[in-house]
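Beneath this line is the structure, given in structure tokens, with notes to follow.
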Amino acid sequence: MSPPSEVRVRIAPSPSGFLHVGTARTSIYNWLFARHHRGKFILRIEDTDLERSDPELVEVILEGLRWLGLNWDEQPYYQSKRFEVYPSYAEKLLQQGKAYHCYCSPELLKQKREEAIREKRSVKYDRHCLRLSEEEKKRLEAEAPPKAIRIKIPPGETSFHDLVYGDLSYDNADIDDLIIMRSDGRPTYNFACVVDDYEMKISHVIRGNDHIPNTYKQLLLYEALGITPPQFAHLPLSLGIDRSKISKRDGAVAITDYRQMGFLPEAMVNFLALLGWSPGDDRELMSTSELIEAFSLERVSQSNPVFDIEKLKWMNGEYIRSRDDNELVPLAAPFLIEAGLTTKLAVEIRWEYMKKVVGLLKGRCRLLTDFAELGRYFFTDKFDYEPEGVKKHFSSPECNPWLASLAERYSSLQKFDLQAIETSLRGLAEELGISAAKLIHPTRLATTGMTKGPSLFELLEVLGREEVVERLERAVDFIRGNPTPADKTDTG
RNA sequence: GUCCCCAUCGUCUAGCCCGGUCUAGGACCACGCCCUUUCACGGCGUAAACAGGGGUUCGAAUCCCCUUGGGGACACCA
């Protein structure tokens with residue numbers, strides 16, 4: 001299906017201080033759709049509710065979109081800067097008798113609503129102000145109380161073809177005469193949305209399925225205004241682990257939280273794109289350009305998916321592994337600095353060292369924070385030996401002389417390179433008549449404090465002879481029951 | 001209370017529109033084996049689903065209805 005004219009989609013967040021993962025996902029779908037059709041991706045800030053809006057909060061949303069790599073076209077639009085465009089549309093409806101003034105106070109309406117809920121009646125405006133007599137209207141006009149404008153919903157049925165859900169329809173009798181202009185002259189959401197989508201020539205409205213009820217209202221507004229509505233596509237809502245809307249209970253709602261947790265934006269985009277959409281084959285790891293190429297609204301599913309962070313972590317690990325060491329250094333560095341293991345300057349000075357460290361670690365990382373977690377010993381010798389490891393590898397009586405001999409061998413090596421490190425350790429094991437493993441495990445524990453990690457020989461080479469020998473000797477002392485206080489920190 | 005939407009492994013999903021090729025495929029997670037100095041990666045394998053009930057049909061995961069379950073919406077918020 002190829003849209004007739006230019007594809008123009010929009011994402012319309014309200015400034016709340018953060019970019020919600022749900023909004024991020026909706027943005028991704030809109031963006032993929034726009035890029036697939038070589039159309040435009042518009043950003044519109046819905047800040048008509050002045051009480052709750054703050055220009056500063058907008059920047060956080062833009063930052064989130066930038067991080068994900070969702071570049072927008074044209075300048076962002078702000079509804080708050082467009083207040084002058086809405087009244088004329090409302091005026092037109094008023095003149096045609098398709099809308100009417102409502103003098104009911106918010107307090108009164110609230111009261112009526114609460115009453116309806118209490119009496120378990122359906123909550124709907126009673127059209128009190130539509131039925132006003134001419135005298136009453138005159139009297140009210142003379143008093144000049146604040147008045148809002150309501151759309152008069154005609155009887156009938158409203159239906160449309162949703163690009164995801166198919167044919168949908170709704171009885172107009174269940175739709176309220178909603179307020180389109182507040183008494184202070186500002187438009188309400190549904191009205192501003194219609195006017196803006198029209199003026200911005202939006203071709204497809206792609207948003208969460210929680211907006212389906214709004215779509216009927218907006219369709220009625222389009223009809224009253226006599227303008228052609230865009231096409232609609234509603235997305236299944238991504239749910240938290242408890243199956244309700246994603247909330248703080250699920251760990252994180254702001255996209256920036258995921259950045260802090262050590263996720264890569266590409267993994268985030270890939271994962272979120274697949275949450276409710278699939279290319280139809282078995283592909284899962286997809287680059288952004290593959291996603292753009294394959295994306296279509298027809299393949300969006302209709303049921304609400306659960307956001308499973310475990311799968312996201314797996315995917316993130318795949319992305320970390322596929323990145324080359326040079327790219328990975330700047331990605332991992334902030335987390336190492338955050339953990340106090342190095343500094344920005346040190347990273348630059350010891351770039352080659354960083355590259356090797358990151359290269360050794362990346363196969364085991366699922367999050368960027370794992371680099372700090374698993375690689376501490378590359379930056380400091382201030383670490384404790386894993387108690388389990390001590391029990392397992394430092395307890396045999398022969399272990400100590402073995403480590404001492406290894407330290408001796410290493411210090412007398414001509415060249416401390418991978419080849420020599422391995423040959424000399426294996427040679428020693430053979431001379432001692434033990435398996436190499438018997439020597440490898442204590443050595444790993446002595447030099448890293450850990451029982452697991454990258455290839456021992458490779459990490460020893462990266463650590464360097466001096467550091468390795470020193471750490472071996474310290475372990476020998478420790479085993480003798482006379483541990484050396486570890487206080488040397490290598491920051492660079 | 002009223003209305004709307006949805007329903008395949010624990011989770012994400014393929015298959016559904018155009019019934020037979022489905023003893024239901026892939027992925028995450030779990031478990032086992034292999035590789036291996038450890039961990040991880042990788043490879044191989046195991047466990048795991050058509051919500052229930054009625055129809056229609058020679059035949060239903062696929063079409064229809066009901067039940068149940070889940071989600072969402074009903075503001076001078078967006």
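All values below were derived from every heavy atom in this structure, side-chain atoms included, with hydrogens, water molecules and symmetry-related copies excluded. Protein chains get the first letters and strands the later ones, always in sequence-line order, with residue 1 at the start of each.
Within 4.0 Å of A:E284, counting heavy atoms only, lies at least one base atom of the nucleic acid. When heavy atoms are screened at a 4.0 angstrom cut-off, A:L274 is found touching the sugar-phosphate backbone but no base atom. Counting non-hydrogen atoms under 4.0 angstrom, A:D281 reaches nothing in the nucleic acid. Across all strands, A:P146 comes closer than 4.0 Å to no nucleic acid atom at all (heavy-atom distances). At the heavy-atom level, A:R426 lies under 4.0 Å from the strands shown only through sugar-phosphate atoms. Within 4.0 Å of A:S303, counting heavy atoms only, lie sugar-phosphate atoms of the nucleic acid but no base atom. The residue A:E318 sits close only to the backbone: its heavy atoms come under 4.0 Å of sugar-phosphate atoms, none of a base. Among the atoms of the strands shown, base atoms are found under 4.0 Å from some heavy atom of A:P106. Residue contacts shown for A:C104 include a base, since a base heavy atom lies under 4.0 Å away. A:G276 comes within contact range of the sugar-phosphate backbone alone, with a heavy-atom separation under 4.0 Å but no base atom that close. In this structure, A:V306 reaches the sugar-phosphate backbone alone: every heavy-atom distance under 4.0 Å involves primed, P, OP1 or OP2 atoms, never a base. Residue-level contact check: A:L275 touches the backbone only, with heavy atoms under 4.0 Å from sugar-phosphate atoms and none from bases.
Summarising the geometry, the separation between CD on A:E298 and P on B:G15 is reported as 13 Å, rounded to the nearest angstrom. What separates CD of A:E310 from C1' of B:C29 is a distance of 7 Å, to the nearest Å. The CD-C1' distance, from A:E119 to B:U2, rounds to 15 Å in whole Å. Rounded to whole Å, atom C1' of B:C41 lies 17 Å from atom OH of A:Y319. B:G72 atom C1' lies 10 Å from atom CG of A:L239, rounded to whole Å. Distance, A:Q302 CD to B:U13 P: 12 Å, rounded to whole Å. In this structure, CD1 of A:I212 is placed 21 Å from P of B:A78, rounded to the nearest angstrom. In this entry the distance linking CG of A:L272 with C1' of B:U13 reads 15 Å, nearest Å.
Among the nucleotides B:U38, B:G15, B:A78, the one closest to any side-chain atom of A:R299 is B:G15. The side chain of A:A437 approaches B:U37 more closely than any other nucleotide in the set B:A73, B:A14, B:U37. The side chain of A:R321 lies closest to B:C41 when the candidates are B:C41, B:U13, B:U37. Closest to the side chain of A:R366, out of B:U37, B:C28, B:C29, is B:C29. For A:F457, the listed nucleotide lying nearest its side chain is B:U37; candidates were B:A78, B:U37, B:A14. With B:C76, B:C28, B:G25 as the choices, the nucleotide that has an atom nearest any side-chain atom of A:D282 turns out to be B:G25. Distances from the side chain of A:L109 to the nucleotides B:C76, B:A7, B:C12 place B:C76 closest. Considering only the side chain of A:P305, B:C12 comes nearest among B:A78, B:C5, B:C12. Of the candidate nucleotides B:C12, B:A78, B:A27, B:A27 has the atom nearest to the side chain of A:W314. Listed candidates were B:C76, B:C3, B:U11. Nearest to the side chain of A:D174 is B:C3.
Both tests pass for A:R25 against the ring of A:Y29: distance under 6.0 Å to the centre and angle within 45° of the axis.
Residues A:D177 and A:Y100 bring a donor and an acceptor atom of their side chains to less than 3.5 Å of each other. A donor-acceptor pair shorter than 3.5 Å can be found between the side chains of A:Y165 and A:N209.
Checking the phosphate oxygens (OP1, OP2) of B:U13, no side-chain nitrogen or oxygen of A:R283 falls inside 4.0 Å. Dashed line: the shortest gap from a side-chain N or O of A:S278 to OP1 or OP2 of B:A14 is under 4.0 Å. Within the 4.0 Å cut-off from OP1 or OP2 of B:U37, not a single side-chain nitrogen or oxygen of A:T443 is found. A close approach under 4.0 Å does occur between a side-chain nitrogen or oxygen of A:R113 and OP1 or OP2 of B:C76. Considering only side-chain N and O atoms, A:S455 lies nowhere under 4.0 angstrom from the phosphate OP1 or OP2 of B:U37.
Straight-line distance between the C1' atoms of B:U67 and B:U57: roughly 23 Å, to the nearest whole Å. Straight-line distance between the P atoms of B:C63 and B:G19: roughly 9 Å, to the nearest whole Å. Across the C1' atoms, B:G69 and B:G53 are found 14 Å apart, a figure rounded to whole Å. For the C1' atoms, the distance linking B:U62 with B:C74 amounts to 35 Å, nearest Å. Here, B:A14 and B:C65 have their C1' atoms 27 Å apart, quoted to the whole Å. Look at the C1' atom in both B:G72 and B:C76: the space between them is 23 Å, to the nearest Å. Rounded to a whole angstrom, the distance from the P atom of B:A24 to that of B:G10 is 15 Å. Look at the C1' atom in both B:C35 and B:C16: the space between them is 42 Å, to the nearest Å.
Side-chain atoms of A:K124 come within 3.5 Å of backbone atoms of A:A173 as a donor-acceptor pair (strictly under, hydrogens ignored).
Judged by atom type and distance alone, A:K311 reaches the base of B:A27 through a side-chain donor-acceptor pair under 3.5 Å. Not a single donor-acceptor pair, N or O on each side, falls under 3.5 Å between the base of B:A78 and the side chain of A:D47. Between the side chain of A:T188 and the base of B:C76, no donor-acceptor pair under 3.5 Å is found. A donor-acceptor contact under 3.5 Å is not formed by the side chain of A:S435 with the base of B:U37.
Residues A:P230 and A:H204 come closest through the heavy atom pair CB-N, 4.3 Å.
In this structure, B:U62 makes no Watson-Crick or G-U wobble pair, since no nucleotide meets both defining distances under 3.5 angstrom. Base pairing of B:C22 is not made with any nucleotide, judged by Watson-Crick or G-U wobble geometry with both donor-acceptor distances under 3.5 Å. Across all strands shown, B:U2 is found opposite B:A73 as a Watson-Crick or G-U wobble partner, with both distances under 3.5 Å. For B:C17, there is no paired base (Watson-Crick or G-U wobble, both distances below 3.5 Å). Nucleotide B:C44 has B:G32 as its partner under the Watson-Crick or G-U criteria, with both atom distances under 3.5 Å.
A side chain to side chain contact (heavy atoms under 4.5 Å, CB included) with A:C193 holds for exactly one of A:H211, A:K217, A:R207; it is A:R207. For the pairing with A:R366, the salt bridge (charged side-chain N to carboxylate O under 4.0 Å, His left out) check across A:E373, A:E318, A:E310 returns one residue only, A:E310.
Legend: residues meeting salt bridge (charged side-chain N to carboxylate O under 4.0 Å, His left out) with A:K356, ordered by chain and number and at least two apart, are absent.
Taking the six-membered ring where tryptophan is involved, the planes of A:Y385 and A:F383 are perpendicular, since the angle between them exceeds 60° and thus also 30°.
For A:K92, the NZ atom is densely surrounded, since the number of other residues' heavy atoms within 6.0 Å is greater than 12.
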